[in-house]
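Proteins get letters first, then strands, A, B, ... in listed order; numbering begins at 1 in each. Below, each value reflects all heavy atoms present in this structure, side chains not excepted, and no hydrogens, waters or symmetry copies. Source: prediction; values computed, not measured.
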Protein chains: 2
Amino acid sequence: MQLTTKGRYAVTAMLDLASNDSSRPVTLDMISQRQNISLSYLEQLFAKLRKASLVKSIRGPGGGYLLNVNPVDITLTEIIEAVDENIDLRRCHGSKNCLRGKQCLSHHLWCEVSDQIRGFLSSRNLQQVIDDYYTNQDIKVKLTV
Amino acid sequence: MQLTTKGRYAVTAMLDLASNDSSRPVTLDMISQRQNISLSYLEQLFAKLRKASLVKSIRGPGGGYLLNVNPVDITLTEIIEAVDENIDLRRCHGSKNCLRGKQCLSHHLWCEVSDQIRGFLSSRNLQQVIDDYYTNQDIKVKLTV
DNA sequence: AAATACCTGACTATTTTACTTGGTTACTAG
DNA sequence: CTAGTAACCAAGTAAAATAGTCAGGTATTT
């Protein structure tokens, strides 16, 4: 599977955008500084986020990026999949021919795990994560729902 | 995160062991052929599985590997963590200093996701996966519990 | 004694990730 | 209108991890 720095960066950057959600565009340079992510790498990620219509861009001075959708309507799965991280653990990637044309012993298992992760990430939107941060950042243990 | 071929191979090999669970040891050569995994790679994985006391080995002719524990008592998390795949998505890996000494916006989120995955994989044991395979392999869709 | 099969360590190829470089294009504030 | 800003783009690279190989062992059994 892929669920690594790339996806984390994308989510982090989107969180930054969402929490500085003024009417004014946010530059990648600001995000780069605030979140400690290389500018050029951000550019690559935002090219993909833009193609996925999650953000819109404004060029020129005073320009930058804005969310294209309300933070409540952007799930984490959307962000992660937008930057190419496919949440699929199966060896065969769905073709069901993992082992000599047959479905392997653990095929169904990896489907379930992938579904679980995808399901969880789909159940969370940007706004929730931000709200969570401000209400729970000092609470040490929180039970998983 | 790490949740890739290495962990899959380990689980697959353990499933093979568990389903051919006779009193006779199973050689890595057999697993290699049946599951289409390189022998030397299996040797590396089984060295780790043995250190984690999940399997025991018998040397010499007629030797091979046996499960060290009942398949009902081996969770998938145990197997995956035994081969070094740590299910931890956090940039800081727990130190909570993701961003300039502070906990980043998404810290709590990645904790939750990691917990979800670990929780799910811990809830499944080897025997369940095998049983699932034989009862569900033709059923196209199965609702996630 | 010989065959079997585990065991070990080092080494290599491949892939992916994360990041860099060096530009071009669009826009706007002055 | 022009200078500077910031998005956009393409290619290349460094580092790391993964997946696998190779060449030797060592222990056990037949």
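- Rounded to whole Å, atom P of dA7(D) lies 16 Å from atom NZ of K51(A).
- If you measure from atom CD of Q35(B) to atom C1' of dA19(D), you get 17 Å, rounded to the nearest angstrom.
- Contact annotation for F46(A): no contact, since no heavy-atom pair falls under 4.0 Å across all strands.
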Between protein and nucleotides 3-5 of chain D, what N or O pairs are separated by less than 3.5 Å?
none

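- Residue T4(A) has no polar side-chain atom (N or O) positioned under 4.0 Å from OP1 or OP2 of dA17(D).
- Rounded to whole Å, the distance from CG on L28(B) to C1' on dT4(C) is 13 Å.
- The interatomic distance linking Q33(B) (CD) with dA5(C) (P) rounds to 11 Å, in whole Å.
- The C1' atoms of five pairs define one axis at each end of the helix from dA1(C)-dT30(D) to dG30(C)-dC1(D), and these two axes lie 10° apart (to 10°).
- Counting only N and O atoms by type, the side chains of D29(B) and Q33(B) include a donor and acceptor under 3.5 Å apart.
- One finds no side-chain N or O of R50(A) lying less than 4.0 angstrom from the OP1 or OP2 phosphate oxygen of dA7(D).
- Atom CG in D29(A) sits about 15 Å away from atom C1' in dC8(D), given to the nearest Å.
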Give me the distances for all protein-to-nucleotides 19-21 of chain C N/O pairs that come in under 3.5 Å?
residue	atom	partner	partner atom	Å
dC19(C)	OP2	Y9(A)	OH	3.4
dC19(C)	N4	Q44(A)	OE1	3.3
dC19(C)	N4	Q44(A)	NE2	3.0
dT20(C)	O4	Q44(A)	NE2	2.9

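- The shortest distance between the side-chain N/O atoms of S57(A) and the OP1/OP2 oxygens of dA6(D) is not below 4.0 Å.
- Going from atom CD1 of I58(B) over to atom C1' of dC7(C) covers 15 Å, rounded to whole Å.
- Across the protein-nucleic acid pair, L49(B) atom CG and dT8(C) atom C1' stand 16 Å apart, rounded to whole Å.
- Side-chain heavy atoms closer than 4.5 Å link hydrophobic residues (I, L, V, M, F, W, Y) into clusters, and following such links, possibly through other members, connects L15(A) to V69(A).
- Checking T75(B) against E78(B) by side-chain atom types alone, a donor-acceptor pair falls below 3.5 Å.
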